[in-house]
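See below for the structure under consideration.
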Amino acid sequence: MKIYKYIGFTMLVATALTTASCSDWNDWNDPQTMADANPYSYKTLWDNISSRSELQNFKIILEKVNCQDLFKTNRFLTLWAPTLTDAQRDSILALKDSVIMNQFIKNHIAEYNYQATGVLDSRIHTLNDKAYAFTGSNYAYTFNNVKLAQANIPNNNGTLHILAGNSPFLPNAYQYIWIANDVDSIAKYFKQYEITELDPSQSVLGPIVNGKQTYIDSVMVTYNSMTNSMRAQLNNEDSTYTFLMPNNEAYDKMYKAIKSLYKYKESTQGQNVADAKSTTYATITGTSNVEYLNFLADSLTRRQIVNNLAYSHTNRFNKAYFDDGSIALDTIFSTYRNKFSEPDRIFDDAHIVSKQKLSNGNAVIVDSLGFKSWETYNRENTIVGAIPCRVLNGNLQRKLLNAADVNTELVDLNNQSGFTYCQAEPTSSFVKPEVDYYLTGVLSGKYRIYAVIPPVNIDKNDDSETILPNWLSFTMNYFNGTKLVDYQFTNERFDPNNAEVITHNPNTGAEVKTKIDNKDFFNNIEKVDTMLLGEFTFPYCYVGLNDVYPNIKVTCSTKFSTLASRGHVNAFDRTIRIHAIIMRPVEYDDYLKEEE
């Protein structure tokens with residue numbers, strides 16, 4: 001009874017499926033000769049259907065939709081004939097003829113000859129464009145997971161197998177979007193991206209009329225630009241997917257969580273640092289169109305929800321997890337090519353509402369999307385070895401060290417092929433270099449911001465006699481909703497009981513003590529130093545605002561520059577080296593610290 005209940009609720013998609021009648025099938029495959037089919041059989045498929053008592057309910061259904069002639073023709077078919085109870089027969093007869101045709105009759109028929117012999121592991125394409133497994137060996141075979149009660153009954157126009165039951169109609173992942181219960185939110189979203197257009201390659205050309213090509217027979221094809229951008233061919237019967245589907249409750253919950261990170265402000269401002277020649281900056285102003293900003297926030301939020309819903313079983317990690325039940329790799333990849341640890345958190349039984357077998361995989365409906373935010377919609381932004389947007393008072397070099405040239409006593413390469421950083425060497429002994437970066441991908445959320453500073457001997461080939469630390473300051477410029485504001489980072493390592501730096505007068509050798517405060521940063525030269533600059537909550541989102549960014553400026557301390565100008569150059573390194581600027585969501589940073 002289960003399959004017929006399913007057929008009933010798939011009536012909503014019947015009009016979207018092919019509605020060809022049996023009379024439309026007279027031009028398919030060329031007939032096999034009787035010798036090709038079986039030299040000892042002179043019965044048609046219809047003769048065998050009519051003469052077998054276990055197929056009489058099936059015969060009644062065929063007659064109801066005037067399909068008996070199909071099995072009398074010389075077109076060669078393979079039929080997996082269903083055996084039905086009277087109640088099952090009556091349930092099917094109550095459906096529309098188009099549903100009976102497309103989701104029941106065509107679901108049991110394929111073109112050409114498919115014998116149940118030897119070891120089978122095939123996928124059969126039925127007349128309703130579904131693909132089902134035909135498998136087995138040693139006289140034990142199944143079609144679409146239904147046992148064959150009798151196999152290889154010869155006919156002069158085909159092969160007949162009799163099932164111990166019937167082959168359930170299974171939607172593919174794309175079809176299931178429109179018929180699953182309580183998933184209206186994602187269905188409405190995907191529907192916006194469904195496109196139907198002419199396929200010239202399958203259409204029959206007609207005459208050119210008024211300079212335009214016409215077609216005698218036009219073939220229209222439908223595709224979905226959103227699922228295509230996810231790299232998920234959900235309607236491909238020859239693919240296998242696990243399709244994660246949030247119900248409306250899960251969708252709404254995730255929408256609220258993500259939307260909070262896309263808070264926009266009209267006329268958001270940013271400094272034009274790249275084109276500035278001094279410390280005076282032109283202002284770049286974003287759009288003042290509130291309607292557009294609301295659309296942008298809604299669009300980016302909804303896109304983030306669906307990006308990672310499809311998982312292809314062709315990926316070896318996914319196959320191990322979904323098909324083999326192995327968690328040894330503890331990793332899966334969405335078709336959007338995002339990597340996820342702890343897949344059991346995503347496919348948590350406690351949040352699975354239902355599972356549905358599909359013709360190309362499985363659908364899993366959940367009441368909560370168990371993604372880690374930092375693996376999906378609130379990811380770490382890291383500027384690694386990137387060319388800064390501006391360098392002042394310094395000669396810029398981008399250093400690309402091969403692994404063999406990296407001082408691995410200072411850094412663990414973690415199987416990386418090398419190490420990249422940018423350095424700005426002062427143009428004279430009287431200037432302080434400055435290196436500026438635009439901060440991209442900034443959401444309206446809370447981050448911990450780090451600077452990764454290597455010492456000069458990160459390069460094995462460096463011949464510096466003395467390795468000196470940097471004395472740096474970090475300033476960020478952002479828009480507070482009214483104006484552009486400078487934010488000075490403070491050093492959590494600052495010790496007020498050790499708040500001075502000692503240098504020496506180059507002429508007399510006398511000690512010179514200089515007071516420092518928590519705005520001064522000194523890197524540890526014993527390693528590639530990841531220095532926490534601070535924790536900061538951006539009030540507004542910058543994603544999608546063309547050329548409008550917050551920025552961070554890295555400079556040699558003014559105090560040190562003053563000392564350097566007086567010849568006190570033996571205590572600190574004025575060449576700025578930056579491997580990375582890291583903007584890490586606080587939630588992710590807390591998680592990493594717990595894992596340490």
Side-chain angles (χ1 to χ4, degrees), residues 258-301 378 380-383 386 388-393 432-451 472-492 517-521 531-559 561 576 578 581-586:
I258 299 174
K259 183 70 178 298
S260 67
L261 298 171
Y262 289 98
K263 181 180 178 182
Y264 287 97
K265 180 70 175 177
E266 65 274 17
S267 302
T268 293
Q269 297 176 353
Q271 291 179 332
N272 184 359
V273 176
D275 295 331
K277 305 302 181 184
S278 65
T279 56
T280 301
Y281 308 96
T283 298
I284 302 174
T285 303
T287 179
S288 60
N289 187 331
V290 175
E291 184 178 354
Y292 170 75
L293 292 174
N294 290 338
F295 164 78
L296 183 62
D298 179 75
S299 178
L300 292 173
T301 297
N378 192 17
E380 175 180 293
N381 294 332
T382 304
I383 304 167
C389 63
R390 185 184 68 159
V391 173
L392 281 181
N393 303 322
K432 62 172 185 174
E434 178 179 317
V435 179
D436 304 335
Y437 290 93
Y438 285 131
L439 300 177
T440 58
V442 175
L443 303 175
S444 50
K446 183 182 290 188
Y447 295 89
R448 291 198 184 106
I449 302 175
Y450 295 86
L472 303 172
S473 64
F474 297 84
T475 305
M476 184 171 66
N477 183 270
Y478 73 101
F479 183 65
N480 70 357
T482 304
K483 62 182 179 179
L484 289 169
V485 178
D486 281 333
Y487 177 83
Q488 186 84 40
F489 288 105
T490 56
N491 188 355
E492 68 163 9
D517 57 32
N518 62 356
K519 296 180 178 62
D520 296 303
F521 288 80
M531 299 192 299
L532 174 63
L533 306 186
E535 187 174 294
F536 189 82
T537 300
F538 287 91
Y540 301 105
C541 177
Y542 290 79
V543 174
L545 302 182
N546 293 336
D547 300 323
V548 180
Y549 310 99
N551 65 75
I552 190 166
K553 302 179 181 74
V554 187
T555 64
C556 281
S557 168
T558 300
K559 300 168 190 173
S561 294
I576 298 175
I578 298 179
I581 301 292
I582 300 172
M583 295 182 56
R584 184 174 295 153
V586 167

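This chain uses plain numbering: 1 for the first residue, then up along the sequence.
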Can you name the side-chain hydrogen bond (donor to acceptor under 3.5 Å, both in side chains) partners of [X], sequence neighbours left out?
| X | value |
| --- | --- |
| Asn272 | Asp275 |
| Gln269 | none |
| Thr287 | none |
| Tyr450 | Asp589 |

Within this structure, what is the [atom1]-[atom2] distance for the pair [X] and [Y], rounded to the nearest 0.5 Å?
| X | Y | atom1 | atom2 | answer |
| --- | --- | --- | --- | --- |
| Lys265 | Thr482 | NZ | OG1 | 7.0 Å |
| Leu443 | Tyr542 | CG | OH | 12.0 Å |
| Asn551 | Met476 | CG | CE | 9.0 Å |
| Glu434 | Arg390 | CD | CZ | 5.0 Å |
| Leu472 | Ser557 | CG | OG | 8.5 Å |
| Leu545 | Ser267 | CG | OG | 10.5 Å |

TODO: Check whether any side-chain heavy atom of Phe538 lies under 4.5 Å from a side-chain heavy atom of Leu261, and answer yes or no.
DONE: no
Open item on the list: Could you check whether any side-chain heavy atom of Val543 comes within less than 4.5 Å of a side-chain heavy atom of Tyr264, counting everything from C-beta outward?
Closed with: yes
Open item on the list: Which residues pass the side-chain contact (heavy atoms from CB on, under 4.5 Å) test with Thr490, not counting sequence neighbours?
Closed with: Asn518, Lys519
Open item on the list: Could you work out, with side-chain contact (heavy atoms from CB on, under 4.5 Å) as the rule, every residue matching Glu266, not counting sequence neighbours?
Closed with: Val290, Leu293
Open item on the list: Within a 6.0 Å radius of atom NZ on Lys259, are there more than 12 heavy atoms belonging to other residues, nucleotides or ligands?
Closed with: yes
Contact summary for [X] and [Y], nearest pair of heavy atoms:
| X | Y | result |
| --- | --- | --- |
| Asn381 | Thr440 | ND2-O, 3.2 Å |
| Ala297 | Tyr262 | CB-O, 3.3 Å |
| Cys541 | Ser444 | N-CB, 3.7 Å |
| Tyr437 | Ile383 | CD2-CG2, 4.0 Å |
| Asp436 | Pro388 | O-CB, 3.1 Å |
| Thr475 | Gln488 | OG1-OE1, 3.3 Å |

Could you work out, with ring-ring contact (aromatic ring centres under 6.0 Å, His included) as the rule, every residue matching [X], not counting sequence neighbours?
| X | answer |
| --- | --- |
| Tyr478 | Phe536 |
| Tyr549 | Tyr438 |
| Tyr281 | none |
| Phe479 | none |

Open item on the list: Holding to salt bridge (Lys or Arg N to Asp or Glu O under 4.0 Å), I want the full list of residues that pass it with Lys446, two or more places apart in sequence or in another chain.
Closed with: Glu535
Open item on the list: If only side-chain N and O atoms count, and only distance matters, is there a donor-acceptor pair under 3.5 Å linking Ser473 with Thr555?
Closed with: yes
- [ ] Give every residue pair that meets the salt bridge (charged side-chain N to carboxylate O under 4.0 Å, His left out) criterion with at least one member in residues 285-298, sequence neighbours excluded.
- [x] Asp298-Arg302
